[in-house]
Every structure is written in structure tokens, then in C-alpha cells.
Number of protein chains: 2
Amino acid sequence: MFCTMYSLDKTDTKLLQALSADPRSTFVALADTLGLSRNTVQARMKRLEDSGAFLGFDRRINPAALGYPLTAFIEVHVQQKRLAQIVIDLALIPEIVQAHGMSGQTDLLVRVVCTDAADLFRIDGTILACEGVERTETSLAMGEVIPYRLTPLLDRG
Amino acid sequence: MFCTMYSLDKTDTKLLQALSADPRSTFVALADTLGLSRNTVQARMKRLEDSGAFLGFDRRINPAALGYPLTAFIEVHVQQKRLAQIVIDLALIPEIVQAHGMSGQTDLLVRVVCTDAADLFRIDGTILACEGVERTETSLAMGEVIPYRLTPLLDRG
DNA sequence: CCTGAATAGGGCACTCTGCTCACTATTTTT
DNA sequence: AAAAATAGTGAGCAGAGTGCCCTATTCAGG
């Protein structure tokens with residue numbers, strides 16, 4: 001196989017668990033909670049980093065703390081030919097914090113943060129104004145009933 | 001007002017920007033990129049932490065690195081009376097990494113990671129099997145066309 | 001049997017941390 | 001206008017952590 005992605009073993013998993021438990025723990029601390037030497041922990045962390053196991057820090061910032069307490073998901077239907085340009089245009093809207101290209105009826109699923117309902121309305125308008133966007137369907141997130149988590153998957157490994 | 005949430009000022013914003021640029025930078029490094037004293041940086045970071053500006057470390061872990069390259073969004077329609085119990089049941093499914101209670105037609109928007117299409121099919125079945133779940137609509141994410149980001153919002157502040 | 005990878009352990013210079021204290025502005029309250 | 005809270009600075013210090021080096025051991029695969 002040409003592209004063998006480095007895949008995590010049990011020790012890596014334990015490392016990630018320990019980090020999840022305490023994101024600020026030092027290499028030394030990790031080493032002795034896992035019963036490994038500091039060298040090993042450092043080597044593994046480097047490998048994890050290099051293999052792209054970590055995503056941007058942005059994800060750890062709470063949008064609510066920034067003054068955007070509301071999250072909404074907007075399904076965007078577009079003229080598929082213009083998809084590439086539309087993505088570029090959408091990327092200019094700061095309140096769009098993430099967008100996925102989707103299979104199925106919806107072309108794009110856009111995650112938006114906003115200050116209030118009026119703000120959401122305005123943002124939706126901005127999206128609709130993009131050339132090639134045909135229709136949107138907005139749903140406000142009332143709450144994160146299962147907060148983002150990966151630990152169940154880590155624990156299973 | 002009873003609950004005045006601590007709101008970030010320009011300096012906090014710059015701090016977060018600097019952290020986004022380099023999540024591993026030390027207090028000392030932050031202090032001199034921002035032209036502040038180390039004491040100030042430490043104090044502000046503590047305040048940020050205490051005010052809940054940071055979310056779990058889980059969010060920084062790349063599910064693909066864990067062996068789950070596929071992401072899907074599943075709209076779940078439920079008997080609303082049973083919503084609370086359903087959330088509890090869903091939380092037992094490890095592949096569900098997040099779920100939002102929604103306004104609008106869909107009751108729940110569930111984010112799932114999986115190994116392949118067959119895996120997704122199985123997980124969908126598990127969700128459908130929960131007492132009170134009436135219908136699901138699964139959409140596979142083909143790609144994260146706008147990767148999660150908060151920097152445009154930070155830059156605007 | 002040899003090789004390469006992973007780990008452990010030691011060491012060393014340097015940096016960072018957590019903490020405290022004293023001092024200065026700048027607001028806010030009274 | 002005076003007093004008090006708030007934010008920032010600068011300095012210092014002991015202890016901990018980091019990055020980097022080298023060596024020895026174990027263990028699986030060719």
C-alpha cells in the first residue's frame with residue numbers, strides 16, 4: 001500500500017486519554033501516569049503531532065466566551081457547478097465556523113455561530129446572497145445534548 | 001443583570017490568536033509576542049480558564065488518526081416525550097461524538113464517526129433501535145470544505 | 001544470527017513555572 | 001476630591017520541566 005497512515009496503538013491511546021483528562025499535563029507527568037519513561041512519551045508525542053493526530057487549537061475555544069452563544073446548522077442547496085466558488089465565498093463569512101460537503105439532498109452543511117436570532121437571520125441572508133446558492137434551511141441548536149467527546153472511542157480501543 | 005458573563009477584551013483576543021498560531025507556546029513566549037509581562041499573561045490565562053473559555057481537549061484529537069476517517073450527520077426524529085431517555089441511550093453509542101437538540105423539523109442532529117459505509121449503516125441501525133426513535137436521515141460528510149475555525153471571528157474583534 | 005525499532009535510564013544546560021512582593025497607573029466608588 | 005478596587009509591571013527564587021544527547025536492553029522480523 002502506498003499510503004500507510006500511522007495508526008495508533010494502545011499506548012498512544014492511553015496518552016490521548018491522559019491528555020484528555022488533563023490537557024496541561026507535562027511530559028513528565030504523562031510519563032509517570034503511564035509508567036513510561038519521559039523519552040518514550042516525548043517520542044510518541046512527536047510522532048502523534050507529525051502524523052496529524054492533533055487538530056487546530058481553535059476547536060478548544062468556546063465561541064460562547066467570544067460572545068457567540070448561539071450555534072446553528074444551515075443546510076445549503078447550491079448549483080453544483082458553482083460549488084467551488086461558493087465555498088470560497090462562504091469562507092469570507094466569519095460567523096461560518098465550519099462547513100461540510102455532503103452526500104444526499106443537501107450540498108453543504110454549514111455550522112454558524114451568532115449572537116442572537118436577528119444575527120442568525122442576517123447571516124442566513126448573507127449566505128443566500130451568494131451567487132449560486134439556491135436555498136437554505138436553518139436550524140438553531142437548542143443545546144449540545146451530547147458534548148463533543150472522543151473518550152468513549154478511546155476507551156474502547 | 002444577575003449573570004454577567006466575563007467577556008473578552010482585545011488583549012484576551014490577542015492571546016487566543018497567539019495560542020491558535022502556536023498552541024504549545026509558553027507563557028513567556030506569549031508575553032513577549034504580545035508585549036506584556038509574564039504575570040499579566042498568566043493572570044489572563046487563568047481568568048480565561050476559569051471563565052470556561054476553553055473546551056475539552058477531545059476536540060483537538062483527529063478522529064481519522066484514531067481509525068475513523070468518515071464523519072456523518074444523522075438527523076434523528078423522535079417521540080419528544082422520550083427525548084431525555086433517548087439522549088441517554090444515544091450517549092452509550094461511542095461512535096456518536098456529538099449531538100445537538102434542534103429547533104425545527106429535526107429533533108436531534110447527531111455527529112457520528114465511522115470506519116466505513118458498512119459501519120455507518122450499523123450505527124444508524126443502533127440509533128434506530130432506541131426506544132422512541134422514529135426515523136433517521138443520514139448524510140455522509142464528503143469533506144470538511146471549511147475546516148473548523150474561529151480565527152476570522154477573533155480577527156474581527 | 002543480525003538488524004532495526006522501541007524503550008529505559010542517565011545526564012546536562014537551559015528555560016519555564018508558580019508564587020510572592022512591591023510599585024505604578026487607571027478606573028470606579030464613595 | 002479622596003479612597004478603593006483593578007490591571008499591569010518588574011524583580012526574585014526554588015523547583016520543575018524541556019530539549020537534546022548518549023548508551024544499554026529488549027524484542028520481533030528477515
Side-chain angles (χ1 to χ4, degrees), chain A residues 1-58 60-62 64-67 153-157, chain B residues 1-58 60-62 64-67 153-157:
Chain A
M1 197 194 242
F2 298 112
C3 153
T4 25
M5 174 180 269
Y6 172 69
S7 88
L8 310 192
D9 63 11
K10 236 169 209 172
T11 307
D12 289 319
T13 302
K14 282 188 197 159
L15 248 176
L16 295 178
Q17 286 176 335
L19 271 175
S20 290
D22 177 13
R24 309 180 74 64
S25 56
T26 63
F27 290 166
V28 177
L30 289 172
D32 69 41
T33 54
L34 301 197
L36 297 172
S37 78
R38 178 167 72 96
N39 275 338
T40 304
V41 170
Q42 267 171 312
R44 281 184 175 270
M45 283 295 289
K46 175 157 174 44
R47 199 170 18 168
L48 284 172
E49 283 229 45
D50 294 348
S51 70
F54 298 124
L55 302 171
F57 184 83
D58 294 36
R60 288 206 55 205
I61 301 176
N62 187 349
L66 260 53
L153 283 177
L154 289 172
D155 293 344
R156 193 167 63 169
Chain B
M1 196 197 243
F2 299 112
C3 154
T4 25
M5 174 180 268
Y6 171 69
S7 89
L8 310 192
D9 63 10
K10 235 169 208 171
T11 307
D12 290 319
T13 303
K14 282 188 197 158
L15 248 176
L16 294 178
Q17 287 176 334
L19 271 174
S20 290
D22 177 13
R24 310 178 75 63
S25 57
T26 63
F27 289 167
V28 178
L30 290 172
D32 70 41
T33 55
L34 301 197
L36 296 172
S37 78
R38 179 165 72 94
N39 275 341
T40 305
V41 170
Q42 267 171 311
R44 281 183 175 269
M45 284 295 289
K46 175 158 174 43
R47 199 172 17 169
L48 283 172
E49 283 228 46
D50 293 349
S51 69
F54 298 123
L55 303 171
F57 184 83
D58 294 38
R60 287 206 54 205
I61 301 176
N62 187 348
L66 261 51
L153 284 177
L154 289 172
D155 293 344
R156 194 168 60 169

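Excluded from the calculations below are hydrogen atoms, water molecules and symmetry mates; all remaining heavy atoms, backbone and side chain alike, are included. All chains are named by letter (A, B, ...) in the order of the sequence lines, taking the proteins before the strands, and each is independently numbered beginning at 1.
- Over its length, the helix from dC1(C)-dG30(D) to dT30(C)-dA1(D) turns its helix axis by 50°, as judged from the five terminal pairs at each end, rounded to 10°.
- Here the closest heavy-atom approach between residue L55(A) and residue I61(B) is recorded as CD1-O, 3.8 Å.
- Regarding K14(A), its NZ atom lies at a distance of 15 Å from the C1' atom of dT7(C), rounded to whole Å.
- Place V41(A) and R24(A) on DNA chain C by their nearest nucleotides, and V41(A) ends up nearer the 5' end.
- The distance from atom CE of M45(A) to atom P of dG19(D) is 10 Å, rounded to the nearest whole Å.
- Scanning all heavy atoms of the two residues, the minimum distance from N62(B) to G52(A) falls at ND2-O, 3.1 Å.
- Each of F27(A) and N39(A) lies near DNA chain D, and the nucleotide nearest F27(A) is the one positioned closer to the 5' end.
- Of the residues listed (D12(B), D155(B), T33(B)), the one engaging Q17(B) in a side-chain hydrogen bond (donor to acceptor under 3.5 Å, both in side chains) is D155(B), and it is the only one.
- Residues L8(A) and L48(A) form a side-chain contact, since some pair of their non-hydrogen atoms from C-beta on lies under 4.5 Å apart.
- Residues D9(B) and R44(B) are in side-chain contact: their nearest non-hydrogen atoms beyond the backbone lie under 4.5 Å apart.
- What separates CG of L34(A) from C1' of dA8(C) is a distance of 15 Å, to the nearest Å.
- Within a 6.0 Å sphere centred on CZ of R24(B), other residues, nucleotides and ligands contribute 12 heavy atoms or fewer.
- dA6(C) atom C1' lies 15 Å from atom CD of Q42(A), rounded to whole Å.
- Whole-Å rounding puts the L36(B) CG to dT6(D) P distance at 20 Å.
- Considering only side-chain N and O atoms, T40(B) lies under 4.0 angstrom from the phosphate OP1 or OP2 of dT9(D).
- OP1 and OP2 of dC20(D) both lie 4.0 Å or more from every side-chain N or O belonging to R38(A).
- Atom-to-atom, NZ of K10(A) to P of dA6(C) comes out at 18 Å; the value is rounded to the nearest Å.
- Here the C1' atom of nucleotide dT6(D) and the CG atom of D12(B) are 14 Å apart, to the nearest Å.
- Residue R47(B) places at least one side-chain N or O under 4.0 Å from the OP1 or OP2 atom of dA7(D).
- Counting heavy atoms from C-beta on, the side chains of L19(B) and M45(B) come closer than 4.5 Å.
- Taking atom CZ of R44(A) as the reference point, atom C1' of dG19(D) lies 20 Å away to the nearest angstrom.
- Closest contact between the side chain of S37(B) and the listed nucleotides dA8(C), dT18(D), dT9(D) involves dT9(D).
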